[in-house]
Amino acid sequence: MANNSTARLPDQLQDNLRLVFVGTAASRRSAAVGHYYAHPGNRFWRTIHEVGLTPRLYEPREFPSLLNLGFGFTDLCKSGAGMDHEIVEHPIDVAAFRTKMERFRPRTIAFTSKKAASYFYARPTQVIVLGRQRPEPDFPEIFVLSSPSGAASGHWTVEPWRELADWIRVG
């Protein structure tokens, strides 16, 4: 398992995962408690259960046990924490992310916001579409999900999460 000791929230990665969830950076709450998607207003844990990715509702503190389901976690910015506008002085390291994905070879990656995907694709957030993306040669399948953050409630839709769950169930 990869473990970056300088990270605010260390990666949870291992070889051949079914799915890796990719955020922009840990929230302040997640960094403080050491659990992915830990803010009580975040929809992540409820949504992955609702769409059928998990057999039960997990708590943020249980995130390591999702390795047993073949699910991992990482962020594009490992040194900062907070909302996107709060991490601007911290590096968004797309090259390091690509290297990790090439090293661990998950089947699928899912960006948990259009902002994270916009960094990856080096395109404005407004042109990023939700759902399954055009395949890249020698790279995992890519999905872009609506942000589960309570701060993004105005843009929430569960549909890309359902599309992802359908894709994961088929494989």
- Got a sec, which residues hit side-chain hydrogen bond (donor to acceptor under 3.5 Å, both in side chains) with R103, two or more places apart in sequence or on another chain? D15
- Using salt bridge (Lys or Arg N to Asp or Glu O under 4.0 Å) as the criterion, list what pairs up with R56, not counting sequence neighbours. E62
- What residues form a side-chain hydrogen bond (donor to acceptor under 3.5 Å, both in side chains) with T125, not counting sequence neighbours? S118
- Contacts of E136 meeting side chain to side chain contact (heavy atoms under 4.5 Å, CB included) (sequence neighbours excluded), chain-then-number -> R98, F120, Y121, F139, I142
- Message: Within the 4.5 Å heavy-atom criterion, are W156 and W161 side-chain neighbours or not?
- Response: yes
- Under the side chain to side chain contact (heavy atoms under 4.5 Å, CB included) test, residues paired with S147 that sit two or more places apart: S113, S149, A152
- Query: What residues form a side chain to side chain contact (heavy atoms under 4.5 Å, CB included) with T99, not counting sequence neighbours?
  - Reply: none
- Applying side-chain hydrogen bond (donor to acceptor under 3.5 Å, both in side chains), name anything that partners E159, two or more places apart in sequence or on another chain. R162
- Query: At their closest point, which heavy atom of T112 faces which heavy atom of G23, and how far apart are they?
  - Reply: OG1-CA, 3.5 Å
- Please list all pairs passing the side-chain hydrogen bond (donor to acceptor under 3.5 Å, both in side chains) test where one or both residues lie in residues 39-48, with sequence neighbours left out. R43-S153
- Task: Not counting sequence neighbours, which residues clear side-chain hydrogen bond (donor to acceptor under 3.5 Å, both in side chains) with E163? List them please.
- Result: none
- Message: Against the six-membered ring of Y119, is K115 placed for a cation-pi contact (under 6.0 Å from the centre, within 45° of the normal)?
- Response: yes
- Task: Could you note down all residue pairs passing salt bridge (Lys or Arg N to Asp or Glu O under 4.0 Å) where residues 139-149 supplies at least one of them, sequence neighbours left out?
- Result: R132-E141
- Message: Just to verify, what does F63 make a ring pair (Phe, Tyr, Trp, His ring centres under 6.0 Å) with, not counting sequence neighbours?
- Response: Y36, F73
- Task: List for me each residue that meets side chain to side chain contact (heavy atoms under 4.5 Å, CB included) alongside A165, sequence neighbours excluded, and say none if there are none.
- Result: V51, L53, R169
